[in-house]
Every structure is written in C-alpha cells, then in structure tokens.
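Only one structure is covered here, and it is reproduced in the block below.
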Amino acid sequence: MTDTVEYNGITLHKQSEYVWEITQTGEMRSPARVFASEKLLSEIGDDDTLQQLVNATHLPGITKYAICMPDGHQGYGFPVGGVGAMDTTDGCISPGAVGFDINCGVRMMRTNLSYSDVEGREKALVNRLFETIPSGLGGGGVISGDRKTVEAILTDGMKWALANGYATPDDLSHCEDGGWRPDAAPEHVSEKAKNRGEKQIGSLGSGNHFLEVQRVTDIYRDDVAAAFGLQPEQIVVLIHCGSRGLGHQICSDYVRKIEKGHPELLAALPDKELAAAPAGSELATAYYGAMCAAINFAWVNRQVIMHQTRQVFAEIFDQSPQALEMELLYDVAHNIAKKEVHTVNGRDRELYVHRKGATRAFPAGRKEVPEAYRTVGQPIIIPGSMGTGSYILRGGENSLALSFGSTAHGAGRVMSRTQAKKQFWGETVRDELEETQHVYVKAQSGATVAEEAPGVYKDVDEVVRVSDALGIGDTVARTFPVCNIKG
DNA sequence: ATGTGC
C-alpha cells in the first residue's frame with residue numbers, strides 16, 4: 001500500500017482508507033483533505049481540482065481543513081465537491097465557494113405506484129411531463145411573476161408556495177430548513193437578478209438539470225428505508241435544478257463587488273476567482289442576505305415543478321395526488337453557504353459552512369434534521385447518471401467530526417461538455433438508453449443529452465461506497481431511471 | 001450552472 005501519491009506536483013499523504021491529506025505549507029492557513037478511493041483520487045488529480053483545494057486553504061478563517069469529496073472536480077475558483085468552513089467573526093464568505101447556481105439541489109417525491117403501474121405508459125408520462133414543465137435556456141416558467149411575486153418568494157421561500165396553493169404543510173416540514181431561510185434580504189438582490197427571476201418561476205433549466213421518474217431497486221438499511229417510506233419497485237420522482245438566472249446574476253454581481261470592495265483580501269489569495277468578503281463587512285452581510293434569498297427562490301422553483309408533476313401524474317393515472325401519496329421525501333441543497341455551529345477542538349463555533357457541489361449530511365439527533373427523520377438522520381439524495389441510477393443515503397455518525405456534516409452530491413463529471421459532444425451523439429445516446437435499459441429520455445436539445453451521457457460521469461457506486469465506508473453518509477436505497485426530461 | 005461577456 002502506498003502512503004504518498006503525487007498529482008500535478010501536489011503530494012497527498014494517506015491517513016487511512018479513503019482519507020488523503022495535503023500538508024499545510026507556505027501561505028496555506030490549514031491542511032486540506034480529500035475523501036476518495038485510489039481510483040477516484042486519480043480522476044480528481046487529473047485536472048486543477050487539487051490546486052483549487054490548496055488555494056481554498058488560503059481563505060481567512062478556514063477551519064480544520066478544506067475538503068474535497070469523492071465526486072470532486074474543478075470549478076470556478078473552488079472545487080465542485082468542496083467544503084470550507086470559515087469563522088463568522090474573523091473569517092470570510094466567498095461567492096466562488098458557493099457556486100453560480102445558488103441552491104442548486106435535488107428533491108425526491110414518493111408515490112404509492114409500483115413500476116408495474118408505469119410500465120408501458122412511460123412515453124405518455126414523459127411527453128406530458130415535458131409539455132407541463134418548462135425546460136431549457138429561456139423558455140419561461142410555470143408562473144409569470146411580477147416584481148412583487150418575486151420579492152415575496154425571495155423573502156418567504158416555500159411559505160409563499162404554501163400560501164399560493166403550490167405546496168402542502170407536509171412539503172415544508174420535509175424540506176431542509178422548512179423551505180425558508182429567514183436571513184434572506186431581497187433588498188440586496190439587484191434589479192437585474194429580480195428581472196431574470198420573474199420569468200423563471202417553475203423552470204428546470206439546462207445542463208445537468210433534469211426531472212426523472214425512477215423505481216426503487218435496492219434497499220440497504222431496512223429500518224431507515226421504512227422511516228423514509230421507501231420500498232422495492234416503488235415509483236419516486238427526482239427533481240434536480242436551482243435558482244436559474246436569478247442565482248447566477250447574484251453570484252456575478254457579488255463576485256464583482258467583492259473583487260472591487262476588498263482588494264487587500266483579494267491580493268492575498270492565489271486565485272481571484274476565490275474573491276471573499278471579510279466576516280462582518282457590509283458586503284459579507286449583503287451577499288449572505290442575497291444568497292439566502294436565492295436559496296428561497298430555488299426551493300420555490302423545485303416546489304412549483306413538483307406541483308406540476310403532481311398534476312401530470314393525477315391526469316395520467318386518473319387519481320388525485322393525495323390518493324397517489326405524492327409526498328416530498330426531502331430536498332437537499334448542493335450550492336450554499338450557511339451559518340452553522342460546529343464543535344472544533346472542544347469549542348462550539350459559528351461558521352459559514354460553504355458546500356459547493358456537496359450536501360449537508362447531518363446525523364440523527366441534530367436539531368436541524370426534520371422531526372420525521374431526527375432519530376435516523378437526514379435523507380441525502382445523490383443523483384447518478386441517466387444510465388446508472390441514484391442513491392438515497394442518510395446522514396452518517398462521523399459526518400460532524402470529519403466533514404462539518406457533509407457528503408458528496410453526485411457522480412461528478414470525468415469529461416468536459418466539449419469533450420462529451422465530440423465523443424457522443426445525443427440521438428444515439430437516447431436510443432440506446434431506450435432500447436437496452438428501457439429508460440425514456442426527452443430533451444430540448446440533443447447536445448444536452450450528449451453532454452449528460454452516462455459515460456461522462458464518474459462511478460456513482462464508488463462515490464457512495466466511500467461516503468458509506470467513512471460513515472459520513474450511509475446508503476439506504478438505490479433507484480433506477482424510468483423516464484427523464486431535461487433542457 | 002448561465003439571455004454561454006469586457
């Protein structure tokens with residue numbers, strides 16, 4: 001067994017199975033850690049991910065270590081699959097360490113249907129979903145909101161959806177934070193961002209965003225699966241999307257403002273894409289408030305899409321959503337920074353926990369876990385590709401000690417979008433999925449299907465195996481796609 | 001990810 005490996009001039013020391021550490025040297029303010037198998041590490045070491053991880057340790061107030069999850073790959077400044085916790089009094093907050101698509105995330109809805117109820121009707125289902133849920137760039141939203149609507153959504157999150165007939169009380173109680181971030185400050189969201197949001201309430205977007213009907217194929221932990229209401233052959237729906245142009249605009253706005261407003265901090269960082277506002281500064285407060293507003297917007301976006309999905313199922317299966325028991329299992333955020341209290345060296349500290357392409361994974365007992373799941377741990381939903389299926393996990397016992405209560409968020413790309421389009425042809429990918437796997441895909445553009453072909457992703461099984469072995473997120477169930485709509 | 005931008 002090797003104890004040390006090197007990628008692109010960066011040396012990693014093996015601490016234990018699946019834990020690799022980069023020693024603190026030079027201007028680094030902490031060590032860095034990668035959670036990966038040797039195979040996943042070799043993929044992570046293939047691009048600039050490790051250098052970005054080292055760069056992240058230069059951020060003021062970074063606590064314990066910067067972390068790269070097993071699905072990590074390079075992103076804007078900070079790795080996708082990265083976790084960085086910075087003190088809220090003497091640390092900083094960085095838009096690049098949250099990501100452009102603020103509260104990009106995934107939610108899963110249960111049904112009481114079985115795969116046999118859907119078999120043979122996949123095409124009708126996928127066509128109606130595609131017609132009813134706007135997707136792709138542009139394309140508009142389910143609701144064409146005015147300025148007042150957008151501001152209410154930014155302020156109230158899913159409470160707005162409840163008041164306007166798009167949600168049930170149970171939806172809110174089964175969402176992270178009850179679907180509402182009270183720290184939202186719409187006054188710090190630009191007019192331009194609000195304008196973009198008005199036309200996008202209830203829209204899937206493009207890229208890796210999708211809605212997928214799936215069937216449960218495997219159960220690994222019977223007691224937790226029961227608490228999550230999951231059983232073999234059950235039909236579930238996965239919705240993956242974010243805050244669309246609104247969140248993107250907020251990120252762009254604040255990257256620029258922070259670059260200009262805090263040049264001294266910027267000069268001390270190895271990459272200007274990490275631009276950060278010092279904790280306590282006006283820009284830190286403004287960005288945090290705007291980002292929380294975008295979090296609320298993304299939750300409403302997924303909620304409205306879920307509402308549309310309920311209507312389509314009601315129509316196709318000729319029963320009400322209530323009769324079909326179409327209930328929200330959970331909703332997880334992939335791109336956020338959040339004030340959380342963590343115990344560091346025996347002391348409770350409030351930190352901006354940045355999770356970019358990483359998921360919260362709180363174990364049983366944490367007060368933030370919804371009551372329904374508090375004795376088993378929060379649900380974690382990890383989407384794989386269209387050809388491999390997805391996983392449901394629960395927050396693991398070791399997550400607070402190892403990863404500030406976080407785990408991976410997906411399979412992670414192994415290939416750029418440009419490379420994917422050279423290697424795959426959308427129609428061929430679609431036909432193969434339908435003929436060999438009985439997966440029905442409908443997309444706005446063939447290019448998107450090529451960019452999201454199963455072959456562009458890492459092995460989701462291995463990502464999840466690492467999470468489970470480390471005890472940061474434990475596998476509960478596995479699903480396989482039935483049909484999928486995307487931009 | 002994204003009305004794919006200085």
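In what follows, chains are A, B, ... by sequence order, proteins preceding strands, each numbered from 1. All values below were derived from every heavy atom in this structure, side-chain atoms included, with hydrogens, water molecules and symmetry-related copies excluded. Keep in mind that what you see is a predicted model, and the values were worked out from it rather than measured.
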Please state how far atom [atom1] in [X] lies from atom [atom2] in [N], giving the value in whole angstrom units.
X	N	atom1	atom2	value
Gln444(A)	dT2(B)	CD	P	13 Å
Asp101(A)	dT4(B)	CG	C1'	14 Å
Lys192(A)	dG5(B)	NZ	C1'	10 Å
Phe297(A)	dT2(B)	CZ	P	11 Å
Lys272(A)	dC6(B)	NZ	P	11 Å
Leu246(A)	dT2(B)	CG	P	12 Å
Asp253(A)	dG5(B)	CG	P	16 Å
Lys486(A)	dT2(B)	NZ	P	12 Å

For Tyr288(A), enumerate each residue passing the side-chain hydrogen bond (donor to acceptor under 3.5 Å, both in side chains) test, keeping only those at least two apart in sequence or located in another chain.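 For Tyr288(A), the residues satisfying side-chain hydrogen bond (donor to acceptor under 3.5 Å, both in side chains) (neighbours in sequence not counted) are Arg181(A).
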Can you name the residues that form a side-chain hydrogen bond (donor to acceptor under 3.5 Å, both in side chains) with Thr168(A), not counting sequence neighbours?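 side-chain hydrogen bond (donor to acceptor under 3.5 Å, both in side chains) check on Thr168(A) returns Asp171(A).
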Would you check if there is a donor-acceptor pair between the side chains of Asp101(A) and His209(A) at a distance under 3.5 Å?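 Yes, Asp101(A) and His209(A) have a side-chain donor paired with an acceptor closer than 3.5 Å.
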What nucleic acid atoms does [X] come within less than 4.0 Å of, heavy atoms only: base, sugar-phosphate, or nothing?
X	answer
Ser252(A)	nothing
Gly138(A)	nothing
Arg413(A)	nothing
Gly207(A)	sugar-phosphate
Gln200(A)	sugar-phosphate

For Leu137(A) and for Phe100(A), find the nucleotide of DNA chain B with the closest heavy atom, then tell me which residue's nucleotide is more 5'.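 The answer here is Phe100(A).
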Verify the neighbour count for atom CD of Glu282(A): are there more than 12 heavy atoms of other residues, nucleotides or ligands below 6.0 Å?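 Not more than 12 within 6.0 Å, no.
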Should we say atom NZ of Lys339(A) is surrounded by more than 12 heavy atoms from elsewhere, each under 6.0 Å from it? yes
